[in-house]
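All ligand and atom numbering here is 1-based and tracks the order in the structure. Here, residue 1 is the first one in the sequence, and each next residue gets the next number.
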Amino acid sequence: MSDDNEKKESLNFIEQIITSDLKEEKHSDIITRFPPEPNGYLHIGHAKSICLNFGLGKTFSGITNLRFDDTNPTKEDVEYVESIKEDIKWLGFEWNDKPYYTSDYFDELYDFAIMLIKKEKAYVCELSAEETSEYRGTPTKPGNESPWRNRSVEENLELFAKMKTGEIAEGKMMLRAKIDMSSPNMHMRDPIIYRILQVPHDRTGDKWNIYPMYDFAHGQSDYLEGITHSICTLEFEVHRPLYDWFLDQLAEKGRTRPRQIEFARLNLSYTVMSKRKLLQLVEENLVNGWDDPRMPTISGFRRRGYTPESMRNFADKVGVARRDGIIDVALLEHSIREDLNKKANRVMGVLNPLKLTITNYPEGQSEELEAINNPEDESQGTRMLPFSKNLYIEQDDFMEDAPRKFFRLSVGREVRLRYAYFVTCNEIVKDENGKVIELLCTYDPASKGGKSPDGRKVKGTLHWADAKSSIKAKVNLYDRLFLTENPDIVEEGKDFKSNINLNSLTTIDAFIEPSVLNANIEDKFQFERLGYFCVDKDSTKEDIIFNRTVTLRDSWAKIAKKK
Ligand code: ATP
Ligand code: MG
């Protein structure tokens, strides 16, 4: 599997384009950018875009800008700006210089608009929102020209200035590019380039009562920053002629113009990705905030126990495509298992405890047994595990009426307790409802370390927890947040939330070996036989909370094997 340091054998189509641009000496240096709108936390689709853009910067020894597309002050927030910066750093990337903001270019963009007006390529339009959409026509029917389309340059300049100073109410006027109302491309039908929004902006205060539309700001911001390759998702392919049209009018001769290249956005099965929908989940308390470990946000994955390496490897494996598709979430889960298998130390923990008492083990005695920290990484060494008469095993490692092939415990059967001893179950204790609450076992003192004393074999090896020395920890068992592969497909009258898995979080108390008391927040462990778990950020020294990152069962590895 690919490693960060491993050289890639073949170039993807974007790398091929850049390579040939460099060969043709179109540019001497490559500049890419990642342009999030600070209206929510970043999700794994953004992670894909970050890895792609920053990755291209690295591959071609260029630079990558971070630019906040902050053109809509009604939806944007500094909390989001901070979280975005943190997520990019956590993923392991560094932006060039300082973060840029589209709002840094409001003056230039305004001047561009004036230039268009002076060239008779823009006009102040007074159609209402409904009228505007009526006049636009449909993809199969040409639009109609606005009655305000042929105002004089002077009048346009005067009205645009008034829009800016706040003398004109919201919704009364807008500035539109004068292109072609009968273009087969709807984006070319006199698109709106400035709208009145009489709201202050985080970074420009109340200087502006008008704000540029995304389409007017985006390409020009790329141009102003000298971006050479402007990578974006496929839905912007149809906007490209418009971006080119703007720069045809506005760009200086000889100055670098961004080359836009589109790729398919990442979609994941069992996941919704749109920030608007993620915001709904947060606002309606369907999850516990943006960094809830069930959220597909970068901060959610981080809290869940995903590593930056696993996310970068995932982005790599997904690759870049020119056609939309849905990636199996099992591939993402495979990526984190692959990484944690190498990195996470093993510990013993029992999630659903069943008492196991070793009747022939001396009362009051205890001993320490050596356990390997990570069989995949010898350098991690070993640790000592306390062991005594009273233990816990997992409830489902015992069966009263066990079939022959059940290799765990049942009355009369012998198993290995990992790193400890062979034990045989002799008797069971039931409560008044007939539920098994305790197993009475004997151990073979000659099997210390779990080694067979005489060549006799046991089929099963169980994990266990020592009752006295184990700590009680809260464990959050997470399951997928959505029940269906594509949560956006819903019955009439319902929305994506109808596909939510109401049992996506189960919190239990578990017994974990005492070594985890030294763990720090975000430390990751494999609980033997159970899965990978990560110390939650709300843990304290006394009360450790674990989040289950992922179970051990790797359905992707199985699929990949079959192929
Ligand atoms: P959403 O539609 O999920 O709310 P967005 O596209 O509006 O996301 P932006 O903040 O505008 O979010 O996106 C920043 C960058 O991330 C853009 O270049 C965008 O193309 C890219 N991006 C967003 N979602 C995905 C995705 N699912 N896969 C790949 N890239 C994405
Ligand atoms: Mg967007």
Show me the donor-acceptor pairs within less than 3.5 Å that the side chains of residues 174-182 make with the rest of the protein, sequence neighbours left out.
| residue | atom | partner | partner atom | Å |
| --- | --- | --- | --- | --- |
| Arg176 | NE | Asp190 | O | 2.8 |
| Arg176 | NH2 | Asp190 | O | 3.1 |
| Lys178 | NZ | Arg149 | O | 3.2 |
| Asp180 | OD1 | Ser182 | N | 2.9 |
| Asp180 | OD1 | Ser182 | OG | 2.9 |
| Asp180 | OD1 | Ser183 | N | 3.4 |

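- Ion pair Arg67/Glu225 flagged as a salt bridge, since at least one NZ, NE, NH1 or NH2 atom sits closer than 4.0 Å to an Asp/Glu carboxylate oxygen.
- Between Asp339 and Ser310, the shortest heavy-atom distance links the atoms OD2-N, 3.9 Å.
- Closest heavy-atom approach to atom 5 (P) of ligand 1 within the set His46, Arg67, Arg33: this belongs to His46.
- Atom numbering of ligand 1 starts at 1 in the shown order; those under 4.0 Å from a heavy atom of Pro36 are 10 (O), 14 (C).
- Close placement of the Phe246 and Phe216 rings is indicated, their centers lying within 6.0 Å of each other.
- For Phe236, no heavy-atom contact with ligand 1 is shorter than 4.0 Å.
- Less than 6.0 angstrom separates the ring centroid of Tyr194 from the ring centroid of Phe160.
- Between Arg265, Glu37, Arg276, it is Arg265 that holds the heavy atom closest to atom 6 (O) of ligand 1.
- Heavy-atom contacts of Thr233 reach the following atoms of ligand 1: 20 (O), 29 (C), 30 (N), 31 (C) (cutoff under 4.0 Å).
- For Tyr214 and Phe236, the ring centers sit closer than 6.0 Å to each other.
- Glu309 has no carboxylate O lying under 4.0 Å from a charged side-chain N of Lys342, or vice versa, which leaves the two without a salt bridge.
- Considering backbone and side-chain N/O atoms, Leu266 comes within less than 3.5 Å of an N/O atom of ligand 1.
- For a threshold of 3.5 Å applied to N or O pairs, the pair formed by His43 and ligand 1 contains at least one separation below that value.
- For the pair Cys232 and ligand 1, the shortest N or O to N or O distance does not fall below 3.5 Å.
- Interface of Pro35 with ligand 1, defined as ligand atoms under 4.0 Å from a residue heavy atom, comprises 14 (C), 18 (O).
- Checked against the 6.0 Å centroid criterion, the rings of Tyr110 and Trp208 qualify as a close aromatic pair.
- Annotation for ligand 1: atoms under 4.0 Å from non-hydrogen atoms of Lys275 are 1 (P), 3 (O), 4 (O), 8 (O), 9 (P), 10 (O), 12 (O).
- Near Ser274, with a cut-off below 4.0 Å to any heavy atom, the atoms of ligand 1 are 3 (O).
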